[in-house]
**Student:** 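This is the structure I have questions about; it appears just below.
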Amino acid sequence: MKVFQNVQDIGNLQDALKEALEVKRNRFAYQHLGKNKTLLMVFFNNSLRTRLSTQKAAMNLGMNVIVLDVNAGAWKLETERGVIMDGDKSEHLLEAIPVMGSYCDLIGVRSFARFENRDDDYNEAILQQFVKYSGKPVFFMESATVHPLQSFADLITIEEYKEIPRPKVVMTWAPHPKALPQAVPNSFAQWMNAADVDFVITHPEGYELDSKFVGNARIEYDQMAAMEGADFVYAKNWSCPGVSRPEDYGKVLGDYHDYLDWTVSERQMAVTRDAHFMHCLPVRRNMIVTDEVIEGPRSLVIPEAANREISAEVVIKRFLEEM
Ligand code: AN0
Ligand code: CP
């Protein structure tokens, strides 16, 4: 594996899940793999879980870890080639990336969608430069379009908590006051399509996700109908993916107050098969989900976040095994 971006990069999913459960039981068994190896994590955006869980995973594997917050202390980076750099950017990504690569053996990068240009975001303009110019293997820690470490942790959590062999998993859009990326729902759709689950997506009209991630997943515009018999409810807000109206890309459509009936509450959970509630966090309470549901006995948000250490450890372990 040279890049961890898509579900295909991890290979056979059953094998990856088996390895994850083994690593979870025995998370310090592979310390020798990381000896004198350095992970560099580069953050262009905020993080709580990704930062802590990925660092913890690398330490479990015996690695040294360096973290760079690009927007807190590093030089401001220009990312476009060909611009005359007479503004506030002191350094170009084209020098910064190979320099970063020279100090480490493996790089994780977080760089969210910028919502300036849909093609740049959907072509992964920033992450692809790390892949191309760092000279080191790269894993995506939420890029413009994907968040694979999250989806892998979500899949591990579903595997651990499912009560029937092929559970019904419903991903529902939920309201949010600010424009959020599509990376989490894109990846979740991609991973659920590859997993052995009955997968349904529900969202208001206008929020259709890119077909490259949705594949053949079932779409149900009626949220209550989608929830019927669900075993897992996966809530997430995302802004307009701009599929049918590119001019709306990255926007919150209409007034979010008009969508508050999409907030996951006891009303939706009542028609499920006593579903587990999931969310990647951070979550805005009583916007995405009510206090009652997130605090309820079927909420998995904490074990789900804890599994981020496990998904990261499996991925980093796979990279180390090839070094
Ligand atoms: C980000 C998002 O929605 O993509 C990160 C989620 C893991 N969330 C926010 O920016 C609030
Ligand atoms: N779920 C997740 O990636 O959280 P952070 O943004 O805090 O890393």
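Atoms within a ligand are numbered from 1 in the order they appear, just like the ligands themselves.
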**Student:** Please name all residues satisfying ring pair (Phe, Tyr, Trp, His ring centres under 6.0 Å) with F152, sequence neighbours left out, ordered by chain then number.
**Tutor:** W191

**Student:** Relative to ligand 1, is N45 under 4.0 angstrom through side chain, backbone, both or neither, heavy atoms considered?
**Tutor:** neither

**Student:** Check whether any side-chain heavy atom of V315 sits under 4.5 Å from a side-chain heavy atom of I10, and report yes or no.
**Tutor:** yes

**Student:** Before you tell me yes or no, could you show the steps for E142 and Q150 under side chain to side chain donor-acceptor pair (under 3.5 Å), namely the whole-Å CA-CA distance, both residues' side-chain angles and the distance that decides it to 0.1 Å?
**Tutor:** CA-CA 8 Å; E142 188 171 339; Q150 181 64 50; over 6 Å; no

**Student:** Between K162 and E159, is the closest basic N to carboxylate O distance under 4.0 Å?
**Tutor:** yes

**Student:** Pull out every atom of ligand 1 sitting under 4.0 Å from any heavy atom of E142, numbered as shown with elements.
**Tutor:** 2 (C), 4 (O), 5 (C), 6 (C), 7 (C)

**Student:** When you compare ligand 1 with K236, is there at least one nitrogen or oxygen pair between them that comes in under 3.5 angstrom?
**Tutor:** yes

**Student:** Apply the salt bridge (Lys or Arg N to Asp or Glu O under 4.0 Å) test between E19 and each candidate in R318, K24, R27; give the one that qualifies.
**Tutor:** R318

**Student:** Which pairs, with at least one residue in residues 292-305 and sequence neighbours excluded, count as a salt bridge (charged side-chain N to carboxylate O under 4.0 Å, His left out)?
**Tutor:** E163-R298, D274-R298, R285-E295

**Student:** Quick check: H147 and ligand 1, any N/O pair under 3.5 Å apart?
**Tutor:** no

**Student:** Contact between ligand 1 and A183 is defined here as a heavy atom of the residue under 4.0 Å from a ligand atom; is it met?
**Tutor:** no

**Student:** Which of the numbered atoms in ligand 1 are under 4.0 angstrom from any heavy atom belonging to L180?
**Tutor:** 3 (O), 9 (C), 10 (O), 11 (C)

**Student:** Rounded at 0.5 Å granularity, tell me how far OG1 in T263 sits from CG in L260.
**Tutor:** 5.0 Å

**Student:** Yes or no: does L281 have any heavy atom under 4.0 Å from an atom of ligand 1?
**Tutor:** yes

**Student:** Give every donor-acceptor pair under 3.5 Å between a side-chain atom in residues 179-190 and any protein atom, sequence neighbours left out.
**Tutor:**
from : atom 1 : to   : atom 2 : distance (Å)
Q182 : OE1    : Y122 : OH     : 2.7
Q182 : NE2    : S239 : O      : 3.1
Q182 : NE2    : S239 : OG     : 3.1
Q182 : NE2    : C240 : O      : 3.3
N186 : ND2    : Y122 : OH     : 3.3
N186 : ND2    : T145 : O      : 3.1
N186 : ND2    : Q182 : O      : 3.2
S187 : OG     : H147 : N      : 2.8
Q190 : OE1    : V7   : N      : 3.2
Q190 : NE2    : N6   : OD1    : 2.9

**Student:** Checking a contact table here: which protein heavy atom is nearest atom 2 (C) of ligand 1, and how many Å away?
**Tutor:** P181 CD, 3.6 Å

**Student:** Compile the protein residues with any heavy atom at a distance under 4.0 Å from an atom of ligand 2; present them by chain, then by number.
**Tutor:** S47, L48, R49, T50, R110, H147, Q150, C280, L281, R308

**Student:** Ring centres of Y249 and F115 under 6.0 Å apart?
**Tutor:** yes

**Student:** Which bit of K178 gets closer than 4.0 Å to ligand 1, counting heavy atoms only: side chain, backbone, both or neither?
**Tutor:** neither

**Student:** According to a hydrophobic-cluster definition based on side-chain heavy atoms being under 4.5 Å apart (Ile, Leu, Val, Met, Phe, Trp, Tyr only), do F112 and V67 belong together?
**Tutor:** no

